[in-house]
2 protein chains.
Amino acid sequence: MDAINRKIVGHLLRDGRATYQEIGDAVGLSAPAVKRRVDLMLVRGEISGFTVRVAPEELGWEIEAYVEIFCRGNISPSTLQRDLAPIPEVVRVDTVTGEADAIVHVMAGSMTDIERTVEAIRTHAKVDKTRTSIVMSRVIDRPPRAGSMNGEVP
Amino acid sequence: MDAINRKIVGHLLRDGRATYQEIGDAVGLSAPAVKRRVDLMLVRGEISGFTVRVAPEELGWEIEAYVEIFCRGNISPSTLQRDLAPIPEVVRVDTVTGEADAIVHVMAGSMTDIERTVEAIRTHAKVDKTRTSIVMSRVIDRPPRAGSMNGEVP
DNA sequence: TCTTGCGGTTGATGGCGTCCACGGCACCTC
DNA sequence: GAGGTGCCGTGGACGCCATCAACCGCAAGA
């Protein structure tokens, strides 16, 4: 991804509905050139689509939690993927270094949903125990910034 | 937010660049009606803008970590906000129940960035100790879904 | 030097965003 | 019940935008 594409992405991060013409003016290209680059980034998977930013409560996700999971033996990412993907409340799963084996980010509509979801996570063969931290307040939640991309001038 | 707006948002979550006409067809409204609703949701803050979905590595964020922080005494969300907001690598901060007082999500360009960022977090008066989990692999990372909105009568 | 291919521009056209005026509908007041 | 009022969707008009095809310049390689 070259410097121009990064500028285009930076622009789209700020305004995902910006017109190609507007972006073109900002980066010094014509609208069709911008479109061609964006389409290419889409097929290459460098960007995966466009969305709207919504506060989770607006979608009915009133409660969220981080669930650290500890496994018997070791667990492969693919197993984790297979086991947890079917649970809709699971928003994100990362394998991590440190005490826990993975951190699961859960969003649910109510406390009972959280309870049920954690239970669903526990009842997998390899999961030994879990440690749940309920989110009390979102203190900071930043939209992803266009990377400072070591050595670059925005 | 009524049922129609939720359908509109659901549509925009899947495709943030969908035309108003297309959305209108999907929800049974005309294009101007959809635009008026979207604009209203924007000024009301129910949605906060549009973006592109980018893989973090494309932006130069090669490494991320979860940092649990433990404080001396108790800490207010506003203090946390004030102290951590200036650190650009801090993507997200939640106060949580359980052992730790807060969980900080950090994205950085390199391991040394992580180290520096964790150090920046530690050197705050109230922070007693931290526990860092480096992300090894992102197993699941779902775009937010339109809520199932428990118990609603349209 | 000639060729080949990538990437940008130009120009044309159909569709879309965007604004305005109008009309129905529910709710409230007299 | 009549009339007023505010909300919300529709229809139409206008200008801009997306989109595609054709063309052009330039760099790399034979």
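Just the heavy atoms: all of them, side chains too, but no hydrogens, waters or symmetry mates, feed the values below. Residue numbering restarts at 1 for every chain, and letters A, B, ... go by the order of the sequence lines.
With rounding to whole Å, A:Asn5 atom CG is found 16 Å from C:dC6 atom P. Distance, A:Glu22 CD to D:dC17 C1': 12 Å, rounded to whole Å. We find that CG of A:Asp25 is positioned 14 Å from C1' of C:dT9, with the value rounded to whole Å. The nearest whole Å value for the distance from the CG atom in A:Asp15 to the P atom in C:dG17 is 14 Å. Following rounding to the nearest Å, B:Tyr20 (OH) and D:dA18 (C1') show an atom-to-atom distance of 15 Å. Taking atom CG of B:Leu40 as the reference point, atom C1' of D:dC7 lies 11 Å away to the nearest angstrom. Going from atom CD1 of B:Ile23 over to atom P of C:dC16 covers 12 Å, rounded to whole Å. Rounded to a whole Å, the CZ atom of A:Arg17 is 7 Å from the P atom of C:dG17.
Test A:Ile87, A:Leu80, A:Asp83 against A:Val93 for side-chain contact (heavy atoms from CB on, under 4.5 Å) and you get one pass: A:Leu80.
For D:dT10, one of the phosphate oxygens OP1 or OP2 lies less than 4.0 angstrom from a side-chain nitrogen or oxygen of B:Ser30.
In this structure, the nucleotide among D:dC20, C:dT18, D:dC8 sitting nearest to the side chain of A:Lys35 is D:dC20. For B:Leu29, the side-chain atoms get nearest to D:dG9 when compared with the rest of D:dA18, C:dG17, D:dG9. Comparing C:dG11, C:dC16, D:dA18 against the side chain of B:Thr19 picks out C:dC16 as the nearest. Distance from the side chain of A:Pro32 is smallest for C:dT9 among the nucleotides C:dT9, C:dC19, C:dG17.
Taking a cutoff of 4.0 Å between a charged side-chain nitrogen and a carboxylate oxygen, B:Arg72 and B:Asp101 do not qualify as a salt bridge. For A:Asp39 and A:Arg36, the salt-bridge test fails: no basic side-chain N is under 4.0 Å from an acidic carboxylate O. Checked for salt-bridge contact, A:Glu58 and B:Arg6 miss the test: no charged N lies under 4.0 Å from a carboxylate O.
Using modelled atom types, no side-chain atom of A:Asp94 and backbone atom of A:Val96 make a donor-acceptor pair closer than 3.5 Å.
Mapped onto DNA chain D by nearest heavy atom, A:Asp39 and A:Gln21 fall at different nucleotides, with A:Gln21 at the one closer to the 5' end. Projected onto DNA chain D by closest heavy-atom contact, B:Ala33 and A:Arg36 fall at different nucleotides, the more 5' of which corresponds to B:Ala33. Ranked by how close their nearest DNA chain C nucleotide is to the 5' end, A:Gly28 and B:Ala31 are led by A:Gly28.
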